[in-house]
Amino acid sequence: MSIVLVVNSGSSSMKYRLIDMRDETVLASGLIERIGEYRGLVRHDGPNGRHELARRIVDHEAAFEAMIRGFNEHGPSLDDYPPVAVGHRVVQGARRFLAPTVVDDSVERDIEDLIPLAPLHNGANLEGIRGARRAFPDLPHVTVFDTSFHTSMSDAASLYALDRPTAERYRIRRYGAHGSSHKFVSAEAARFLGKPLEDLKIIVLHIGNGASACAVRGGVSIETSMGLTPLEGLVMGTRTGDIDPAVLFHLHRQAGYSVDDLDELLNKKSGLAGLTGSNDMRDVEARARKGDALALTALEIYAHRIRHYIGAYHAQLGGADAVVWTAGVGENSPDARARAMRGLEFLGMKLDPELNDQRVKEPTRISAADSAIDILVVPTNEELEIARQTLQATGIPADA
Ligand SMILES: Nc1ncnc2c1ncn2[C@@H]1O[C@H](COP(=O)(O)OP(=O)(O)O)[C@@H](O)[C@H]1O
Ligand SMILES: CC(=O)OP(=O)(O)O
Ligand SMILES: [Mg+2]
């Protein structure tokens, strides 16, 4: 029985999943939110249903302890279902980590060294890893990097037109993120279409709180919208995405913003939150339906940027076989999908309004019968992808 525990530590949350890899069934899962804030939320879904409680969780190590408590109190018992390995999502692996890696102290140090290249994510990922190694010192721990899938990008797609010695010295290039999701979703799309992944050109739109687009040719990432850090590209829940860097000089010189102020402004106070006051797409859509002009403008800005990347990746791929929507917004918001794809019929991308309006739980086609390019919704599963890569890296068979 090969069971893998997967830990996905976000900037302020930790998701986990216990998976029996023989048939990839989920034995338990959980979510710990608002880490570091006064009132955190702990949710555990086990064999007896859902258990939730509000409590303060000071950091990701404490979150790890809360997860263990969830298993002890609500099952399944980790003594009865012992994991053979723990898989960890790490957002930034830069050019240091090209593949899933078994953790030792030097790997921990290298992840720490990469914190400046993913300030919202890598520190949290590392705290999760440290908590997990303390809790399970005898198990192999494997890190699966969001960036690994994008190391196939050409220099043309990944280098900035920045002074070369400076860029090299400070490792400045576009690394991308959400790689496990883009990889999983493009493989699922090929399976759904019944075609070999090697033959397909796919535009993947991972639209969640963090959001990125990816151009996938033959299963390989050729370009993605996140850059040095997960700040570039699409409009996100709290992040600006693409912006003229001169805005920063302007705010510094004219308004006295410090570097930390600017970091906080662009990463945490912008995007949907900055435009409307809420980073949750459901709130913004509800307000737009009531006629709130600010909310409506925010939805148009959000859609405009997605449409921009669909066009760009269609050009970079030299056409496309499929456009695939995934993650929280991409899977659940017909309005966001329809708004972004409006006017793309000339490219051969035509939604079917009724198919687009359904609630989706599995890979589903939402394009019209006469759409030259398939438009799909494919639920992502970063945790399963991480679990698969974790087993591969350890060499433990799924049916051990
Ligand atoms: N039914 C829905 N309609 C519109 N948006 C939704 C819906 N359900 C979830 N979302 C959006 O999905 C976002 C979260 O996506 P998710 O992929 O879980 O993000 P992350 O992993 O970055 O935290 C939420 O902020 C919310 O706006
Ligand atoms: C990289 C990134 O933005 O991740 P998330 O969507 O989980 O915040
Ligand atoms: Mg996410």
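Computation of the quantities below employed the complete heavy-atom set of this structure, encompassing side-chain atoms and omitting hydrogens, waters and symmetry-equivalent molecules.
A donor atom on one side chain and an acceptor atom on the other are not found under 3.5 Å apart for Gln92 and Asp146. Side chains of Ser270 and Arg239: a donor-acceptor N/O pair is absent below 3.5 angstrom, by distance only. For the 3.5 Å distance criterion, the side chains of Asp260 and Ser258 fail to qualify, holding no donor opposite an acceptor. Side chains of Glu385 and Ser181: no donor on one and acceptor on the other come within 3.5 Å. Side-chain atoms of Ser221 and His150 form a donor-acceptor pair, as typed in the model, at a separation below 3.5 Å. Side chains of His44 and His51: no donor on one and acceptor on the other come within 3.5 Å.
Atom OH of Tyr170 sits in a sparse spot, with 12 or fewer heavy atoms from other residues, nucleotides or ligands closer than 6.0 Å. Atom CZ of Phe192 has more than 12 heavy atoms from other residues, nucleotides or ligands within 6.0 Å. For Arg69, the CZ atom counts as densely surrounded, since its 6.0 Å shell holds more than 12 non-hydrogen atoms of other residues, nucleotides or ligands. Heavy atoms of other residues, nucleotides or ligands lying less than 6.0 angstrom from CZ of Arg164 number 12 at most. Counting non-hydrogen atoms of other residues, nucleotides and ligands closer than 6.0 Å to OH of Tyr257 gives a total of 12 or fewer.
The aromatic rings of His141 and His88 lie parallel to each other, with less than 30° between the two planes, well short of the 60° mark.
Contact check for Ile366 versus Leu376: no side-chain heavy atoms found under the 4.5 Å cut-off. You'll find the side chain of Val26 stays beyond 4.5 Å of the side chain of Leu18, heavy atoms only. For the pair Asp370 and Lys350, the minimum side-chain heavy-atom distance is below 4.5 Å. Residues Lys269 and Thr238 fail the side-chain proximity criterion, which asks for heavy atoms closer than 4.5 Å. Ile111 has its side chain within reach of Val107: a pair of non-hydrogen atoms, C-beta onward, lies under 4.5 Å apart. Counting heavy atoms from C-beta on, the side chains of Ile19 and Ile3 never come closer than 4.5 Å. In this structure, the side chains of Lys15 and Arg43 stay at 4.5 Å or more apart for every pair of heavy atoms. Residues Thr229 and Pro119 are in side-chain contact: their nearest non-hydrogen atoms beyond the backbone lie under 4.5 Å apart.
His178 and Phe149 have their aromatic ring centers separated by at least 6.0 angstrom. You'll find the ring centres of Tyr175 and Phe145 outside the 6.0 Å limit.
Placement of Leu248 and Leu251 within a single hydrophobic cluster is found when ILVMFWY residues are connected by side-chain heavy-atom separations under 4.5 Å, directly or transitively. With hydrophobic clusters built from ILVMFWY side chains whose heavy atoms lie under 4.5 angstrom apart, Val323 does not share a cluster with Val378.
Across all non-hydrogen atoms, the minimal contact from Met236 to Pro230 is CE-O, 3.5 Å.
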- [ ] Start with the C-alpha distance between Asp45 and Arg50, add both sets of side-chain angles, then the distance that settles salt bridge (Lys or Arg N to Asp or Glu O under 4.0 Å), and finish with yes or no.
- [x] CA-CA 4 Å; Asp45 287 298; Arg50 172 160 295 182; 2.8 Å; yes

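The main-chain N or O of Ala273 is never found under 3.5 Å from a side-chain atom of Thr276 such that the two would form a donor-acceptor pair. At least one donor-acceptor pair under 3.5 Å links the side chain of Asp59 to the backbone N or O of Ala62.
A salt bridge links Arg133 to Glu108: one of the charged nitrogens lies within less than 4.0 Å of a carboxylate oxygen. Ion pairing between Arg342 and Glu300 holds under the 4.0 Å rule for side-chain N and carboxylate O. A salt bridge between Arg134 and Glu61 is present, with a side-chain N of the basic residue lying under 4.0 Å from a carboxylate O of the acidic one.
Interatomic distance, NE2 of His304 versus CG of Leu234, reported as 12.0 Å (0.5 Å rounding).
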